[in-house]
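Here is how names work: the chains are called A, B, and so on, in the same order as the sequence lines, proteins then strands, and each is numbered from 1.
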2 protein chains.
Amino acid sequence: MPIPTKPPHLHTQACTTAMRSVRDALDLLGGKWKLPIILALLGGPKRFKQLQRDVLGITAKMLSKELKELEMNGLLVRSVQADATPVAVTYTLQSYGDTLFPVIEALHDWGLQHRNRIMHPQVPAVEKTAVFEQVVAA
Amino acid sequence: MPIPTKPPHLHTQACTTAMRSVRDALDLLGGKWKLPIILALLGGPKRFKQLQRDVLGITAKMLSKELKELEMNGLLVRSVQADATPVAVTYTLQSYGDTLFPVIEALHDWGLQHRNRIMHPQVPAVEKTAVFEQVVAA
DNA sequence: CTGTATCCATGGAGATACTG
DNA sequence: CAGTATCTCCATGGATACAG
């Protein structure tokens, strides 16, 4: 079982290890551009300039940097057609990228219901309210 | 169905709307401190100072700011015991926070397998390799 | 104890110009 | 086309001092 339900007070090794996995995924998907790039490449292989057109607002610097990271993580492959003139570079999403779908879907589902919840507030039933006995002095 | 499998070239409304949900979730979970705070509160309600001790390295400023955000999102409740002296404030995770578990679990599972994959590289079977015909000039 | 206010260092990201 | 190099701006976050 991945996430312990009742972690002890101090950070245990198991706790930090589990968190590291979550953070790995979060860091890969996080940031402003990773998702748009991945989505743009779902439509098939694209060249650098085409990507920059599809991912609205991204600069060449950022696109280059983000593509490198995604490539290092095995999510896409960079291939060069040196014979073409001028040289053509295409970026192709790997099938490994599909393994991200359950993650993205989980994020999407939660985000969607959360937005609904925030927009249409319920009765604010607060749980385990206010005072609880053992207030540890500190 | 949340995420379209084959988005068109340009960003459609459906595409950006779906992405907004993902980003909502990503933004809430992202950052350096959100996860550690949530995890720390899984063990039960805690006071400000106790949280600062449990979440290693966080400053009062950051803790205060992050707690506000989590409260605004309905994930926790801030309650004040004004009668106590000095005043005591406790933060309690709401059961709504449990809805994040599938998300965190998905992130965790992917992050774990990804780290294994990165650490123990497979045969680098590149798909849809290199050259593909219709190179759109631009 | 529970924060807030202020100052300040750092890094991330945009704009621009340039190279192969 | 496919990037890289520089410069600069600004938001984020740490440190510290202070307040209720």
Can [Y] be reached from [X] by stepping across I, L, V, M, F, W or Y side chains whose heavy atoms are under 4.5 Å apart?
| X | Y | result |
| --- | --- | --- |
| B:L67 | B:V80 | yes |
| B:L75 | B:V89 | yes |
| B:I118 | A:L100 | no |
| A:L112 | A:L29 | no |

Please give, in whole Å, the distance from [N] [atom2] to [X] [atom1]?
| X | N | atom1 | atom2 | answer |
| --- | --- | --- | --- | --- |
| A:Q52 | D:dG3 | CD | C1' | 10 Å |
| B:D83 | C:dC1 | CG | P | 17 Å |
| A:Y91 | D:dC1 | OH | P | 14 Å |
| A:Q50 | D:dA2 | CD | C1' | 14 Å |
| A:F48 | C:dT19 | CZ | C1' | 14 Å |
| B:L63 | C:dT4 | CG | P | 10 Å |
| A:L56 | C:dA13 | CG | C1' | 17 Å |

TODO: Over 60° means perpendicular and under 30° means parallel, so classify the ring planes of B:Y96 and A:H114, tilted if in between.
DONE: parallel
Please check the phosphate of [N] (OP1 and OP2 only) for any side-chain N or O of [X] closer than 4.0 Å.
| X | N | answer |
| --- | --- | --- |
| A:S64 | D:dA2 | no |
| B:R47 | C:dT2 | yes |
| A:R78 | D:dA2 | no |

Less than 4.5 Å apart, side chain to side chain, heavy atoms only: is that true for [X] and [Y]?
| X | Y | result |
| --- | --- | --- |
| B:L41 | B:L51 | yes |
| B:R23 | A:L35 | yes |
| A:R115 | B:R20 | yes |

Task: Axis bend over the full length of the helix from C:dC1-D:dG20 to C:dG20-D:dC1, computed from five pairs that close each end, to 10 degrees - done: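 Its terminal axes enclose an angle near 40°.
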Task: Contact letters for nucleotides 9-20 of chain D, in which S counts primed atoms plus P, OP1 and OP2 and B counts the base, heavy atoms under 4.0 Å - done: ----BBB-----
Open item on the list: Using the side-chain heavy atoms of B:K49, tell me which of these nucleotides is nearest: D:dC1, D:dG3, C:dT2.
Closed with: C:dT2
Task: The single option from B:L39, B:I104, B:V103 passing side-chain contact (heavy atoms from CB on, under 4.5 Å) against A:V22 - done: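 In the set B:L39, B:I104, B:V103, the residue that makes a side-chain contact (heavy atoms from CB on, under 4.5 Å) with A:V22 is B:I104.
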